[in-house]
Every structure is written in structure tokens, then in C-alpha cells.
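Worksheet for the structure shown next.
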Amino acid sequence: MFNLRVYGILTGKNKEILVSDEFIRGNYYTKFPGGGLEFGEGTRDCLKREFMEEMNLRVQVTDHLYTTDFFQMSAFNPEHQIISIYYRVVALDEIRVPLRTHAFDFDEAQMEVYYKTGETETFRFISWESFSSSSVSLPIDKVVADLIKAS
């Protein structure tokens, strides 16, 4: 079974890169914002929806950056193969969600969400100088991080 994921690379004013720090079922992940494609939607619409759901942020989806070109088994379901599509995005509004300066800096409200759902997330920018493939957790994201640094 295939699991199609769509992610956005949002670059800040000073070339910093937006990441999502997530706490899912007892494990910590740093990844790019985005999520799963739903039946009946295109990849660009999926990404716009994900940014609205996660950050209440309208984005313009611009250039396609990368689509997975190797086998990657899901970290959550060994019967699923992950295919991820990455686009560059531009924020159409000012970011209103709290941006953290440290990884996995969840506040009390976010932890309440975790206790109810088994997952929570927060967002932060990583400076261009500090950003690398080691900044993100997932194997496909690491490939994309290297592509971003090379561009």
C-alpha cells in the first residue's frame, strides 16, 4: 500500500527554513510542514490544506522540489511505502502561530493535545547556517535538506 505525503519548504526573510517539531506516540520528529494526501485532492491543494490546518496559514505553492525516487517504508506502518512530494511555498499571511526557538518546546496546551490524541506539534525556523540534513529526522526529508542546501 502506498502512503502519499506532501510537504512545503517555507523560507523566511533571512533564508531560514521552517520545520515542524512533532511528538507522536512517544517519539520526537523534526520534519517539514505538510501531511497526507486525501482522496479527491491534488497535491498542491493538499499542501494548502495542511498549512491551514496546522498553522492557520495561507500559502502559495510554487516550484516542485523533489519526489521520492527510492523505496521508503513507513516508520508507522511496515505495510506502507511512503512517497513524498516537496514543493516550495510562500506565506500569504503573517505567521500567527507561536514560533519556538528550541526543538520540541511544547507548551501546556500542546501537551494537552498530545494526551488526548497521541500527537502534537510546534514550529520553528532554523537559520540557514545551522540548517542541514541532520536538522530533520525522516530519511526522505534528509535528502530534501541536502537539495535545499545545494541550491
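All values below were derived from every heavy atom in this structure, side-chain atoms included, with hydrogens, water molecules and symmetry-related copies excluded.
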Problem set entry | Glu53, CD: over 12 other non-hydrogen atoms inside 6.0 angstrom | yes
Exercise. Under 4.5 Å between side-chain heavy atoms, hopping through other hydrophobics if needed: is there a path connecting Val144 to Leu37?
Worked result: no
Problem set entry | Inter-residue atom distance Ile83.CD1 - Phe70.CZ, 0.5 Å rounding | 11.0 Å
For this session: Identify the heavy atoms of His64 and Arg44 that sit nearest to each other, and give their distance.
Result: N-NH2, 4.5 Å
For this session: Could you check Trp128 against Asn14 for side-chain contact (heavy atoms from CB on, under 4.5 Å), going step by step and ending with a plain yes or no?
Result: CA-CA 8 Å; Trp128 181 254; Asn14 298 312; over 6 Å; no
Problem set entry | Any Gln110 side-chain heavy atom under 4.5 Å of Thr122 side chain | yes
Seminar exercise, completed: Tightest non-hydrogen contact, residues Gly35 and Tyr7, listed as N-CE2, 4.0 Å
Exercise. Shared ILVMFWY cluster between Leu138 and Ile148, side chains joined below 4.5 angstrom?
Worked result: no
Problem set entry | Distance (rounded to the nearest 0.5 Å) between Arg25 CZ and Thr117 OG1 | 10.0 Å
Problem set entry | Test side-chain contact (heavy atoms from CB on, under 4.5 Å) applied to Ile95 and Phe125, step by step | CA-CA 11 Å; Ile95 295 173; Phe125 278 106; 3.9 Å; yes
Exercise. So do the side chains of Arg58 and Met52 get within less than 4.5 Å of each other, counting heavy atoms only?
Worked result: yes
Problem set entry | Pairwise distance NE2(His80) to CZ(Arg5) - rounded to 0.5 angstrom | 11.0 Å
Problem set entry | Non-hydrogen atoms of Val89 and Thr62 that approach each other most closely | N-OG1, 4.2 Å
Problem set entry | Between CD on residue Glu129 and CD on residue Glu16, distance to nearest 0.5 Å | 9.5 Å
Exercise. How long is the span from the CZ atom in Phe76 to the CD1 atom in Ile24, to the nearest 0.5 Å?
Worked result: 4.0 Å
Exercise. Do Phe32 and Val143 sit in the same hydrophobic cluster, where Ile, Leu, Val, Met, Phe, Trp and Tyr count as joined when their side-chain heavy atoms come under 4.5 Å apart?
Worked result: yes
Exercise. Does the pair Lys142 and Val136 meet the rule for a side-chain contact (heavy atoms from CB on, under 4.5 Å), with working shown?
Worked result: CA-CA 6 Å; Lys142 290 180 179 297; Val136 290; 4.0 Å; yes
Exercise. Hey, mind stepping through Leu57 and Leu10 against side-chain contact (heavy atoms from CB on, under 4.5 Å) and telling me if it holds?
Worked result: CA-CA 11 Å; Leu57 180 67; Leu10 193 153; 4.0 Å; yes
Problem set entry | Closest contact, heavy atoms only, Leu18 versus Met55 | CD2-SD, 3.7 Å
Problem set entry | Within 6.0 angstrom of Phe71 CZ, more than 12 heavy atoms from elsewhere | yes
For this session: Supply the atom-to-atom distance Ser84 OG to Asp69 CG, rounded to the nearest 0.5 angstrom.
Result: 11.5 Å
Problem set entry | Min side-chain heavy-atom separation Lys15-Phe131 under 4.5 Å | no
For this session: Compare all side-chain heavy atoms of Ser20 with those of Glu50 and state whether any distance is below 4.5 angstrom.
Result: no
For this session: Only one of Thr43, Thr67, Asp63 passes side-chain hydrogen bond (donor to acceptor under 3.5 Å, both in side chains) with Tyr87; say which it is.
Result: Thr43
Problem set entry | Same apolar cluster: Ile82 and Ile85, side chain cutoff 4.5 Å | no
Exercise. Hydrophobic clusters join Ile, Leu, Val, Met, Phe, Trp and Tyr when side-chain heavy atoms are under 4.5 Å apart, directly or via other members; which others share one with Phe23?
Worked result: Tyr28, Phe104, Phe106, Met111, Tyr114, Tyr115
Problem set entry | Nearest atoms (heavy-atom pairs only) where Lys149 meets Ser132 | CG-CA, 4.5 Å
Exercise. For the hydrophobic clusters of this structure (ILVMFWY residues joined by side-chain heavy atoms under 4.5 Å, transitively), does one cluster hold both Val90 and Leu47?
Worked result: no
Seminar exercise, completed: Nearest heavy-atom contact between Ser135 and Thr30 is O-CG2, 3.2 Å
